[in-house]
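For reference, the structure is listed below as structure tokens.
Letters A, B, ... are given to chains in the order of the sequence lines, protein chains preceding strands, and every chain is numbered from 1. What you see is a predicted model; the values in this text were computed from it and never measured.
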2 protein chains.
Amino acid sequence: MAHGMDPHRLLVFREIAHAGSIAGAARALGWTQPAVSQHLRLLERRAGTALVLRRPRGVQLTEAGRILLDHAEAVATRLSAAADDLDALTHLREGTVRLAAFPSASATIVPAAMSLLGERHPGVDVRLREAEPPEAVGLLAAGEADLAVTFAHGGREPQEPPGREEHPGLVRTPVGEDPVLLVLPRSHPQAGPADRPVDLRSLAAERWIAGCERCTASLRQACRNAGFVPDVRHGTDDYVVTQALIARGLGIGLLPRLALDAFTAPGVAVRTVPGLPPRTLFLVHPREADRIPAVRAAVQALRDTLVSAPDAS
Amino acid sequence: MAHGMDPHRLLVFREIAHAGSIAGAARALGWTQPAVSQHLRLLERRAGTALVLRRPRGVQLTEAGRILLDHAEAVATRLSAAADDLDALTHLREGTVRLAAFPSASATIVPAAMSLLGERHPGVDVRLREAEPPEAVGLLAAGEADLAVTFAHGGREPQEPPGREEHPGLVRTPVGEDPVLLVLPRSHPQAGPADRPVDLRSLAAERWIAGCERCTASLRQACRNAGFVPDVRHGTDDYVVTQALIARGLGIGLLPRLALDAFTAPGVAVRTVPGLPPRTLFLVHPREADRIPAVRAAVQALRDTLVSAPDAS
DNA sequence: GGTGAGACCCAAGAAATACTTATGGCATGG
DNA sequence: CCATGCCATAAGTATTTCTTGGGTCTCACC
């Protein structure tokens, strides 16, 4: 009862109606005449009524045929529209990418990449949602984002046994490194010439301002390697807040270059620290998402932006 | 490009979207899982983009998938509507019959049959068009009528060689006979008792009023058989006009019983004439029109009306 | 932490459908 | 009156479609 109508036959019937004859429809389809004739016969048998009257010069639609043709046209229109829509998506005339990125990337490389993508494919729409890496991965897992820009400190997750992904089905590819820099008050005694590296061991007695959970872990690890335990006094994810505290002499801290590219407070000095491992930048997306043209294009734009950026390794 | 989208696959995709998984769609369709999987694979290959993301618990639609689902729903709705419409036509809840009939039938048996059909199938709509037999057949041949009620004088066409139909593709089935009666002025000397037949030979000296071309031919033939040539003074197709002339004594004439059933003028007398051949009533329709349920029902209603009518042979 | 269940894929064979070839009827038109 | 065009049927072939029988991966449950 419900959609027992064979849509393929319906389209063949439409050809018959357009051509005005069975033989004409066969020519239009590149088939032989009996092929079309059989389709019509089966369609009429299922319909329970004649759809056409066989006339000497071709066929003439019955009332049932006229009604069926109406539906056939609607179906053909929809199929055509579906093909057009898919074509627009695959050729990037349309498409939406829901992108999740952490704040310092959202303020630097992401806008640059979005701009690049917009030049290449004006129809593709990127919707950015700011999220720290764990939340971003959660959005991907929940299907609420298509692509995420994340980072991790150290070349590899320290606590994760390799082979066991935190979220299965997601692929994470490194796309660059973001050096971690020392941020001091401008008046700090160690704030010598800008191009002079600072030894971490000389900062064992400082008060520290820590960032997010994983950044703090990275800081503690670096200090352990340098032979001391940092005196962490304040904690904030926000690199503007961090620098405000530092500028007032309330401590010193480590910030990645992306954060400093986004914003550097006038009252702070930035120095390199030899041996301090950079954080790695990743693109994360569901395993099959690179089969989505818009996502693939967004990935490419992000990679191209990172390659041309000075901080890419 | 245009409707390269396989509608069958589109419906399978719709099942996947509804079930939320490929295996679920397979269960809903009564298929195995790989069957559905292959449909999806081919659909995605043609689309050029992923339509779903394979997740552990099933699949999730991509943007392209959501758009395609929208079209799939529209197609499914149309197919269902098409099936419903055809079902209504085959079960005579709907339908239209364009009926052509000559005037005296249109005034008698046709309204009765339409009434009967209306009782049996209230949804079926009959559109009557009054037409003399030759015109009615022309309407059928032109596809402007579905069914015609016609008549012919004599058991067979006198001038037609048998086997050569006047309009190929039309079938003509006799459904009854309509006696031809003598109509006289009430004051006419031959207007004796109503049940007394009148011999045609006694009317050789009368003035005659003839009807249509074929009716006139029939009159001349009958008179020839009776041994005289009628003195035809007036001619009209209209049985009301004919009777008005007769009532005023301007002549006498022959009229079929259906015409007199429709209307008998007060000033005329009606008598039987032995040996006068009746006219035959026919139903005519395109050869395959009996495969149209509404036409078949209309034919049946007309036959049933004629069987129950007193003048049916 | 194995282990079973559920969801997916691939490859190859079986079943069903779709199309072609071959032939004949019927109506039209030079 | 024969040639042409349109349609139907029947049987054979070919292609599509579905199943069978492998395998991987993740999750949930002992």
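For DNA chain D, none of the residues of residues 17-25 of chain B falls under the heavy-atom distance limit of 4.0 Å. Non-hydrogen atoms lying under 4.0 Å from DNA chain D are contributed by nothing in residues 284-296 of chain A.
When the salt bridge (Lys or Arg N to Asp or Glu O under 4.0 Å) test is applied to Glu94(B), no partner is found at least two apart in sequence or on another chain. Residues forming a ring-ring contact (aromatic ring centres under 6.0 Å, His included) with His8(A) (at least two apart in sequence, or on another chain): His39(A). With sequence neighbours left out, Thr62(B) forms a side-chain contact (heavy atoms from CB on, under 4.5 Å) with Ile292(A), Ala50(B), Leu53(B), Ala64(B). Scored by the ring-ring contact (aromatic ring centres under 6.0 Å, His included) test, His91(B) finds no partners at all (sequence neighbours excluded). Evaluation of the ring-ring contact (aromatic ring centres under 6.0 Å, His included) rule for Phe102(B) yields Phe151(B) as partners, not counting sequence neighbours. Partners of Arg41(B) under the salt bridge (Lys or Arg N to Asp or Glu O under 4.0 Å) rule, at least two apart in sequence or in another chain, do not exist in this structure.
With distances taken from any side-chain atom of Asp6(B) to the nucleotides dC9(C), dT17(D), dT9(D), the minimum falls on dT17(D).
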If you restrict it to nitrogen or oxygen atoms, what contacts under 3.5 Å exist between nucleotides 2-6 of chain C and the protein, and what is each distance?
none

When you compare the protein's N or O atoms with those of nucleotides 28-30 of chain D, which come within less than 3.5 Å of each other, and at what distance?
from: dA28(D); atom 1: OP1; to: Arg57(B); atom 2: NH2; distance (Å): 3.2

Pairs: protein N or O with nucleotides 18-22 of chain D N or O, under 3.5 Å:
from: dC18(D); atom 1: OP2; to: His39(B); atom 2: NE2; distance (Å): 2.2
from: dT19(D); atom 1: OP2; to: Thr32(B); atom 2: N; distance (Å): 2.7
from: dT19(D); atom 1: OP2; to: Thr32(B); atom 2: OG1; distance (Å): 2.7
from: dT19(D); atom 1: O4; to: Gln38(B); atom 2: NE2; distance (Å): 3.0

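Among residues at least two apart or in separate chains, salt bridge (Lys or Arg N to Asp or Glu O under 4.0 Å) pairs with a member in residues 136-154 of chain B are Arg98(B)-Asp146(B).
Between the P atom of dT9(D) and the CZ atom of Arg45(A) lies a distance of 11 Å, rounded to the nearest Å.
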